[in-house]
2 protein chains.
Amino acid sequence: MGRGGLNGGAAGPGPGSGLGSDPAAGSSPPPGERPVTIADVAARARVSKSAVSFVFNGRRGLSADTQARIVRAAEDLGWTPNARARALARRRPRSVGLVIRLDGEDAGPWTDVVGFLEGLGGALASGGTALVVRAVSSAVDEEEAYAVFADESQVDVVLVGALGTGEGVPAVLTRSGLPFVVAAPAPAAAAVADREERARLAVRHLAALGHGRIALVAGERAPFDAFAEEARLLGVEIVPRPLPDSSPVAAEEVTAALVAGTSPPTAIVYETALLAVAGLRTAVALGLSVPARLSVVGLDNDPVAASTTPTLTTVKRDEAAWGRDCARLLFASIDGDRPGIAALPRAELVVRGSTSPPPSPLRHERTP
Amino acid sequence: MGRGGLNGGAAGPGPGSGLGSDPAAGSSPPPGERPVTIADVAARARVSKSAVSFVFNGRRGLSADTQARIVRAAEDLGWTPNARARALARRRPRSVGLVIRLDGEDAGPWTDVVGFLEGLGGALASGGTALVVRAVSSAVDEEEAYAVFADESQVDVVLVGALGTGEGVPAVLTRSGLPFVVAAPAPAAAAVADREERARLAVRHLAALGHGRIALVAGERAPFDAFAEEARLLGVEIVPRPLPDSSPVAAEEVTAALVAGTSPPTAIVYETALLAVAGLRTAVALGLSVPARLSVVGLDNDPVAASTTPTLTTVKRDEAAWGRDCARLLFASIDGDRPGIAALPRAELVVRGSTSPPPSPLRHERTP
DNA sequence: CAGGCTGGAACAGGGTGGTGG
DNA sequence: GCCACCACCCTGTTCCAGCCT
C-alpha cells in the first residue's frame with residue numbers, strides 16, 4: 001500500500017523553478033519570478049500594450065510584421081491573457097453558471113447529466129467560456145446558488161435547468177436582472193413535447209412492426225390524449241394506463257392487469273426503462289415470452305436496458321447535442337442577443353431485443 | 001440599445017409581468033444604471049473605501065459602530081464584492097477546476113457524479129469558492145482542459161478525478177505548476193482498497209446471516225486474494241469467479257455454472273448491480289428462489305436495485321461525503337497548505353430483499 | 001502614545017477610445 | 001487612412017502617511 005502519489009500540489013506558478021522550496025508563507029513579492037504579463041510581451045515585441053491586446057482580440061489595424069513579432073514574443077514567454085483580468089476589463093467574464101438540482105431521485109430535466117455537461121462544456125470551452133456548476137438538493141439551496149451567481153457577477157448568464165413545476169423562473173433571477181437561458185421549456189408545454197417525441201418514435205416503431213394495440217404506461221400527468229391522436233394517424237390504437245406512482249410495483253400491477261385482460265395489447269410502452277424492466281419481468285413471469293408474444297419499449301435509455309433478457313428496446317435522447325444547443329443560446333445571450341429556445345434533446349430509437357412483430361393471427365390461437 | 005432586448009421587465013414591479021413573456025429569455029439589468037461599487041457603499045456609510053474593504057475581509061480595527069454602518073450601507077445598496085475584481089486584486093480567484101472524463105461508459109472514479117458534485121460544490125460554495133467544471137470524453141480533451149485551466153489562471157487549483165491507468169498526473173499540470181488535488185488514489189492501490197471495503201461490507205453481512213460459501217463475481221483484475229483472506233477471518237469461504245468481460249451475458253453464464261455446480265454457494269456477490277440483476281434473473285430462471293435459496297448482493301447502488309424482484313441488497317458509497325472531503329483538501333491547497341489524501345467514499349450497506357439466511361441444512365436435503 | 005479612521009496611491013492584468021505621426 | 005501609442009477604465013485590495021481625540 002503505502003502512499004501512492006495521492007496528493008498533488010505543485011510549487012509556485014511559472015516555469016523554471018527547480019525544486020520547490022515552498023515556504024508556504026505568502027509574503028515574497030520581491031523574488032524575480034514575477035508572472036509574465038502583457039507588459040512583458042509588449043516590451044519583448046517592442047510595441048505597446050495596446051498592440052498586444054489588439055492581436056489577442058482579433059482587431060485589425062496591425063501590420064502583419066508587428067503582429068507576427070507580437071505572437072512570437074507571447075509564445076516565447078508562454079503568455080496567455082489572464083482570464084481574471086480580462087473578465088474585469090471587459091464587461092463579460094465569459095462564463096456561464098449552471099445549477100443542477102436533484103429533487104429526490106432525478107436530476108432536473110436530464111437523464112444523462114454528464115453527457116449534457118460534456119456537450120455544453122465542450123461547446124462553451126471552444127468559445128472560450130467557462131462553466132461554473134453548482135449542484136444542489138433543495139429549492140432553498142437552488143435559490144441561494146442563483147443569488148450567489150447574481151451578486152458576485154462571476155457569470156454572464158445562468159442556464160436554468162428547467163422551469164420548475166409551476167414555480168416559474170426563480171425569483172432571484174428576475175429580481176437581480178441576471179440574464180438566464182432556460183434549458184428545458186416550461187413543463188406544461190415542453191415535457192409534453194418531449195414525451196410526445198419519444199413516445200412517437202416508439203409507437204412508430206411498433207406500428208411499423210405491425211402492432212395494432214399498444215398500451216402506454218406512464219405517469220398520470222402524461223399527455224395521453226396527444227399520444228392517442230398521434231397513434232390514430234398511424235392507424236394504431238393506444239391503450240392508456242396512467243400510473244398512480246412511478247414505482248416498479250405499480251408498473252407490475254398495471255402490466256399484470258393488462259396482459260390478463262380481454263384483448264390484451266401486443267406491445268407495451270413504459271415511460272422509463274426502469275418501469276419497462278419491471279413490466280417485462282412481470283410479463284415473463286406470467287408466461288408471455290418477450291418479444292414473441294409481447295413487445296416492450298422503455299422511453300429512456302437507462303444502462304440497465306442492455307442488461308435484461310431480452311435486452312430492452314428504448315428511446316434515448318442526445319443530451320450532448322442538447323448541451324451544445326444550450327451553449328449556442330448562452331453565447332447569444334452573452335453577446336446581447338435575445339436567446340431563442342433550447343432545442344429539445346433529439347430522441348433516437350435504440351432497437352434491442354424486446355420488440356418484434358406481434359404474434360400472427362394464426363399462432364394467436366393458443367394451444368395450451 | 002443598451003438593454004440587449006431581453007426581458008425588460010426585470011426592474012419592474014414584480015415577477016407578475018405579462019404571461020406572454022418568453023420562457024427562454026433572460027432579463028437584463030436596467031439601462032443606464034451604473035452598477036454599485038465599493039465607492040458607493042463607502043460614500044453612503046460616510047467612510048473610506050478602505051474601511052469598507054476591511055469589513056468585508058474580516059480585518060479588525062474598526063469600531064463596532066462604524067462596522068454596523070458599513071454593513072447597513074452595503075445591504076441598502078445590495079452590494080457584494082465583485083468576484084472578478086476580487087480575484088484580480090487578491091492573488092486567488094478562489095475557484096476550483098474539475099475535469100470529468102468519460103471513458104466509454106463510465107465517468108471516472110465516480111458512480112454518482114451528481115452526488116459528488118453536490119457534496120463538493122456545496123462545501124466549496126460555503127467557503128465562497130466557485131467550481132468550474134469541464135466534462136470531456138477523451139484524453140486529448142482532458143489535457144486541453146487542464147491546459148486551459150493552467151494558462152488562464154482562472155482557478156487556484158484543479159481537482160483531478162483519478163490518476164489514470166498508469167498515466168500518472170497529467171503532464172500539463174506538473175509542467176504548468178498549477179496546484180492539484182487528486183480525488184481518487186492511484187488505481188492500483190485505491191481501486192483495490194475501495195473494492196475491498198465494499199466487498200467486505202457485503203461479505204460481513206452475508207456471514208452474519210449465516211452463509212458459509214459465498215461466490216464473488218467480479219472483473220478479472222479484482223483482488224480476489226485479498227477478498228479470500230478477509231473472508232477467512234470471518235470464517236467463510238470465498239468462491240472466486242473472475243469475469244472475462246463485464247457484460248451481463250458473462251454474468252449469466254457464470255451464475256448458471258455456479259448454481260448448477262456441485263456444492264453451490266448460498267450467496268453470490270456481484271461487482272455491480274447491473275451484473276447482479278443479470279445473475280438474479282438467471283438464478284430465478286433456473287428455479288432458485290431468491291433470497292430463500294440464494295442470496296444476491298450487488299456492489300454498487302444503481303437505481304435499478306430498487307426495481308427488481310426481489311429488490312437487490314447493495315453497497316453504496318457516499319459520494320457527497322467524498323466531494324465534501326475533496327473540498328477540504330482543495331481549501332487546504334488554496335491556503336497554501338499541502339493537501340492531504342482524499343478519503344475514499346465511505347461505503348454503506350443497503351439491505352433490501354435479495355439477502356436472507358441460507359436455507360437450513362434440514363431443508364437443504366433436496367427431494368428430487 | 002495608541003486606537004480609529006481618512007485620503008490617496010500603487011497595485012492586479014488587461015481592454016479601449018482618442019490622438020498623433 | 002494605416003499604425004501604433006498614451007492614458008484612462010474596470011473594481012477591489014493593500015499599504016502608507018497622516019490626522020484627530
Side-chain angles (χ1 to χ4, degrees), chain A residues 13-14 26-30 33-71 73-74 77-95 128 151-154 156, chain B residues 29 33-70 73-74 77-95 128 151-156:
Chain A
S27 60
S28 27
E33 270 234 34
R34 204 183 66 262
V36 19
T37 76
I38 195 175
D40 302 319
V41 177
R44 188 174 231 271
R46 307 180 155 275
V47 295
S48 70
K49 270 173 48 179
S50 322
V52 179
S53 177
F54 277 25
V55 170
F56 279 78
N57 289 287
R59 284 171 59 151
R60 341 173 298 165
L62 290 185
S63 66
D65 177 52
T66 311
Q67 195 160 325
R69 241 176 36 244
I70 294 175
V71 171
L77 272 48
W79 178 84
T80 300
N82 178 307
R84 289 143 37 192
R86 253 186 161 167
L88 182 59
R90 297 173 164 175
R91 294 314 197 66
R92 306 294 175 181
R94 287 210 79 90
S95 80
D151 304 334
E152 305 213 328
S153 66
Q154 204 183 26
D156 294 296
Chain B
E33 212 178 285
R34 207 182 67 267
V36 14
T37 76
I38 195 175
D40 301 319
V41 177
R44 187 173 232 271
R46 307 182 155 273
V47 297
S48 68
K49 271 171 49 177
S50 321
V52 179
S53 179
F54 279 19
V55 171
F56 280 79
N57 289 289
R59 282 170 61 151
R60 342 172 295 168
L62 292 185
S63 68
D65 178 51
T66 310
Q67 197 160 323
R69 237 172 43 243
I70 293 175
L77 296 171
W79 179 83
T80 299
N82 179 308
R84 285 135 51 182
R86 249 186 165 169
L88 182 59
R90 299 174 162 171
R91 293 316 193 65
R92 305 294 174 183
R94 285 210 82 89
S95 79
D151 308 331
E152 304 213 329
S153 68
Q154 204 183 26
V155 298
D156 294 294

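Chain naming here is simple, since letters A, B, ... match the order of the sequence lines and numbering starts at 1 in each.
Each of B:Ala85 and B:Ala45 lies near DNA chain C, and the nucleotide nearest B:Ala45 is the one positioned closer to the 5' end. The residue among A:Ser63 and A:Lys49 whose nearest nucleotide of DNA chain D is located toward the 5' end is A:Ser63.
Between A:Asn57 and the phosphate of C:dG15, there is a side-chain N or O to OP1/OP2 separation shorter than 4.0 Å. For D:dT13, the OP1/OP2 oxygens have a side-chain nitrogen or oxygen of B:Arg86 closer than 4.0 Å. The side chain of A:Trp79 places an N or O atom within less than 4.0 Å of a non-bridging phosphate oxygen (OP1 or OP2) of C:dG14. For the pair A:Thr37 and C:dG13, the criterion of a side-chain N or O lying under 4.0 Å from OP1 or OP2 is not met.
Between the side chains of A:Thr66 and A:Ser63, at least one donor-acceptor pair of N or O atoms lies under 3.5 Å.
Residue B:Ser48 has its side chain nearest to C:dG7 when only D:dT14, C:dG15, C:dG7 are considered. The side chain of B:Asn82 lies closest to D:dT11, out of D:dT11, C:dT6, D:dC3.
A:Asp156 places a side-chain N or O within donor-acceptor distance of the main-chain N or O of A:Arg94, the cut-off being under 3.5 Å.
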- Report the C-alpha distance between B:Arg69 and B:Asp65 in whole Å, list the side-chain angles of each, state the deciding distance to 0.1 Å, and finish with yes or no for salt bridge (charged side-chain N to carboxylate O under 4.0 Å, His left out). CA-CA 6 Å; B:Arg69 237 172 43 243; B:Asp65 178 51; 3.5 Å; yes

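Put simply, CG on A:Leu88 is 12 Å from P on C:dT16, counting in whole angstrom units. Computed from coordinates, the A:Glu152 CD to D:dG12 P distance equals 11 Å when rounded to whole Å. D:dT11 atom P lies 16 Å from atom CG of A:Asp151, rounded to whole Å. For the pair B:Arg84 CZ and D:dG12 P, the interatomic distance rounds to 10 Å; values are reported in whole Å.
Between the side chain of B:Ser50 and the base of C:dG8, at least one donor-acceptor pair of N or O atoms lies under 3.5 Å.
Using a 4.0 Å heavy-atom criterion, one finds that B:Arg92 contacts no nucleic acid atom at all.
Contact of the B:Trp79 side chain with the B:Ile38 side chain is registered, since non-hydrogen atoms from C-beta on lie closer than 4.5 Å.
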